[in-house]
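What follows is a single structure, written as structure tokens, with notes after it.
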Amino acid sequence: MSDRNLQKIKARLKLTAFCSLLSIILILPSIAAENNNNNNKKPNPTQFPPNPLEIRVRDPLLPRSSKDKRPLTDEEKATLAPALDELNSEAAAKLQAGDEKGAFEIWYREMRLRRYLGLLPEVRGLSRLGGIAWERNMPDDVQFISKRLETIRQKELKSPVELNLLQALATAFEQVRFPESAVKVYEQILALNRPQQDTAKEEALLLKIGELSFGAFDYPKAITAYQQLVDFAQKNGDRNKQVTYLKQLAYLYTKDSQLPKAIRTKQSLIELYRNEKDFAQIPAVQLDIGTDYEAIGQLEQAAQTYQETYAFAWSIQLYSGAADALRKLIALQVSQRQLENAIAASQVLIQAEQLANNFYGLMNAYDEMGKLYVELKNYSQALEAYENGLEVAEELKYREDYFERKIQQVARERNLRG
């Protein structure tokens with residue numbers, strides 16, 4: 001090939017490369033713009049989908065045009081109501097057949113139309129649908145329904161509000177697990193009920209408010225409700241309800257970190273048990289009071305409470321209760337380095353466990369006593385405690401190896417120290 005032809009080929013290749021590069025440069029902006037457009041078209045993952053309850057479309061079941069703002073006549077409502085019931089049945093059938101999306105599309109249409117029948121039919125329908133959405137774990141749908149219910153509660157209730165509408169609204173909020181909103185509605189019902197002096201109804205409402213507030217972790221509101229419930233039970237002389245409400249009130253005070261009030265409430269419960277001569281219930285409550293005293297740093301009062309508890313339990317031959325109190329007392333004494341006192345209490349604990357026929361507890365009591373004697377370097381007494389523990393362990397066929405090792409260790413330590 002001649003040099004001239006070679007030069008022509010090289011020139012042609014350079015021209016082709018230049019044209020290709022120029023094409024790329026020219027199309028890059030359009031590619032970038034197209035990518036930007038595509039990116040802009042992507043859905044925003046944080047954007048909440050539109051509420052299907054708020055879609056405004058002309059529905060053929062409505063007997064008037066969308067421009068006609070008048071309310072439906074009674075006759076028109078009477079015609080629409082059975083048609084909506086048919087929609088409900090159609091949606092239920094679709095759900096039964098596995099078409100969840102189709103079912104909810106029909107139900108949402110039904111709910112939009114139920115607004116034309118009035119608030120009560122709409123709220124009852126939303127309550128039904130909210131329960132289905134919750135049971136099927138459909139959080140978006142629960143949110144749609146809850147939002148509509150909240151709009152009704154805040155903006156659409158007209159005074160005077162009918163009690164049956166408020167009750168339906170409270171039930172609907174319970175269906176979608178919105179306890180705070182349900183409590184607000186029940187408080188409205190309670191305020192309307194009080195002038196009627198229907199104490200049974202008032203008590204039921206307070207109980208509902210207390211339970212829902214507790215479920216919503218609103219302990220102060222739950223406490224207020226249960227304080228009133230205790231008063232109701234006292235006035236009515238209902239001992240069983242008094243016990244129930246006092247227990248729950250004490251628990252709420254504890255959850256709300258109001259331990260002094262929890263203690264006073266438990267003391268009231270003890271007094272109630274004493275009056276009813278239900279003595280077997282007292283030690284467990286006393287034990288809780290001792291634990292509360294420990295939690296607030298009143299250790300002397302805690303120790304005194306534990307001592308009183310085991311003494312009382314012993315006096316009524318409730319030896320298991322006495323043992324529970326002694327274990328708490330011993331743990332407190334050990335934490336305060338009162339080891340001699342802990343050993344003395346442990347000796348009483350051994351007797352209590354024997355009388356209660358609690359052999360596992362007895363074995364553990366010997367173990368703890370052995371540890372205390374080792375800490376005091378009283379190896380002979382520690383050895384005796386572990387040997388007694390081994391006897392019980394052999395009877396139970398449990399932890400024999402543990403006690404044998406302890407006996408060997410203590411025996412070596414005693415021999416080393418003469």
Side-chain angles (χ1 to χ4, degrees), residues 51-54 56 62 64 69-82 84-85 88 107-108 110-134 141-216 218 220-229 231-232:
N51 190 335
L53 289 170
E54 304 301 332
R56 292 290 178 263
L62 285 178
R64 58 177 175 73
K69 301 300 183 182
R70 65 173 177 79
L72 298 186
T73 64
D74 290 343
E75 184 178 352
E76 289 170 335
K77 288 180 181 180
T79 303
L80 180 61
L84 299 186
D85 292 338
N88 176 36
W107 268 320
Y108 281 128
E110 177 204 349
M111 294 306 123
R112 291 193 298 269
L113 290 169
R114 282 202 181 272
R115 290 194 194 186
Y116 294 93
L117 299 182
L119 285 179
L120 183 57
E122 181 189 1
V123 168
R124 285 174 174 167
L126 290 169
S127 180
R128 163 171 47 85
L129 187 57
I132 296 170
W134 176 267
D141 298 272
V142 169
Q143 191 68 25
F144 297 145
I145 297 163
S146 303
K147 185 176 180 181
R148 174 58 187 158
L149 290 170
E150 194 61 36
T151 298
I152 292 172
R153 186 186 74 80
Q154 293 187 19
K155 298 179 180 179
E156 298 192 16
L157 296 180
K158 305 298 182 183
S159 182
V161 186
E162 294 182 5
L163 278 173
N164 57 352
L165 174 56
L166 286 175
Q167 183 61 60
L169 188 58
T171 301
F173 278 122
E174 287 190 75
Q175 287 286 77
V176 292
R177 276 54 170 191
F178 269 53
E180 298 93 340
S181 296
V183 165
K184 291 174 182 176
V185 179
Y186 278 121
E187 287 174 335
Q188 285 183 267
I189 298 172
L190 181 62
L192 291 172
N193 180 81
R194 275 185 167 148
Q196 301 174 17
Q197 297 184 340
D198 185 344
T199 55
K201 179 69 172 177
E202 186 171 349
E203 185 178 4
L205 287 167
L206 285 169
L207 186 58
K208 177 67 76 170
I209 290 169
E211 291 172 345
L212 288 171
S213 298
F214 171 68
D218 188 348
K221 185 165 286 187
I223 285 169
T224 300
Y226 275 97
Q227 286 171 335
Q228 295 176 68
L229 286 167
D231 292 340
F232 265 114

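What you see is a predicted model; the values in this text were computed from it and never measured.
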Decide salt bridge (Lys or Arg N to Asp or Glu O under 4.0 Å) for E54 and R56; before the verdict, give the C-alpha distance in whole Å, the side-chain angles of both, and the deciding distance to 0.1 Å. CA-CA 6 Å; E54 304 301 332; R56 292 290 178 263; 3.6 Å; yes
[X] to [Y] - nearest heavy-atom pair and separation:
{"X": "T73", "Y": "E76", "answer": "N-OE1, 2.9 Å"}
{"X": "L206", "Y": "F232", "answer": "CD1-CE1, 3.4 Å"}
{"X": "M111", "Y": "G125", "answer": "SD-C, 3.4 Å"}
{"X": "A191", "Y": "P195", "answer": "O-CD, 3.2 Å"}
{"X": "A182", "Y": "A170", "answer": "CB-O, 3.9 Å"}

So, R177 side chain and Q175 main chain: donor-acceptor pair closer than 3.5 Å or not?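 Yes: the side chain of R177 pairs with the backbone of Q175.
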Drop me the distance from [X]'s [atom1] to [Y]'s [atom2], to the nearest 0.5 angstrom.
{"X": "I223", "Y": "S213", "atom1": "CD1", "atom2": "OG", "answer": "10.5 Å"}
{"X": "L62", "Y": "T79", "atom1": "CG", "atom2": "OG1", "answer": "12.0 Å"}
{"X": "E156", "Y": "L165", "atom1": "CD", "atom2": "CG", "answer": "10.5 Å"}
{"X": "L117", "Y": "R115", "atom1": "CG", "atom2": "CZ", "answer": "12.5 Å"}
{"X": "K208", "Y": "L190", "atom1": "NZ", "atom2": "CG", "answer": "13.5 Å"}
{"X": "L157", "Y": "L166", "atom1": "CG", "atom2": "CG", "answer": "6.0 Å"}

With a 4.5 Å cut-off on side-chain heavy atoms, are [Y] and [X] touching?
{"X": "Y226", "Y": "F214", "result": "no"}
{"X": "K201", "Y": "Q196", "result": "no"}
{"X": "L126", "Y": "V176", "result": "no"}
{"X": "L80", "Y": "L72", "result": "yes"}
{"X": "E203", "Y": "T199", "result": "no"}
{"X": "D198", "Y": "E202", "result": "no"}
{"X": "F178", "Y": "K184", "result": "no"}
{"X": "E122", "Y": "I152", "result": "yes"}

Option passing side chain to side chain contact (heavy atoms under 4.5 Å, CB included) with L212 (candidates L207, V183, D218):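 That would be V183; it is the only one of L207, V183, D218 passing the side chain to side chain contact (heavy atoms under 4.5 Å, CB included) with L212.
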Is there a salt bridge (Lys or Arg N to Asp or Glu O under 4.0 Å) between E110 and R114 once you walk through the steps? CA-CA 6 Å; E110 177 204 349; R114 282 202 181 272; 2.6 Å; yes
Less than 4.0 Å between a side-chain N and a carboxylate O, is that true for K221 and E187?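 A salt bridge links E187 with K221.
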Kindly write out the residues that satisfy salt bridge (charged side-chain N to carboxylate O under 4.0 Å, His left out) with R153, not counting sequence neighbours, or none if the list is empty.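 R153 satisfies salt bridge (charged side-chain N to carboxylate O under 4.0 Å, His left out) with E150 once adjacent residues are dropped.
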Does atom CD of Q154 have more than 12 heavy-atom neighbours, drawn from other residues, nucleotides or ligands, at distances under 6.0 Å?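 Yes, CD of Q154 has more than 12 neighbouring heavy atoms, counting only those of other groups under 6.0 Å.
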Can you sort out the partners of N88 under side chain to side chain donor-acceptor pair (under 3.5 Å), two or more places apart, ordered by chain and number?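 Residues passing side chain to side chain donor-acceptor pair (under 3.5 Å) with N88: W107, R128.
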Could you walk me through whether L53 and K147 pass the side-chain contact (heavy atoms from CB on, under 4.5 Å) test, one step at a time? CA-CA 10 Å; L53 289 170; K147 185 176 180 181; over 6 Å; no
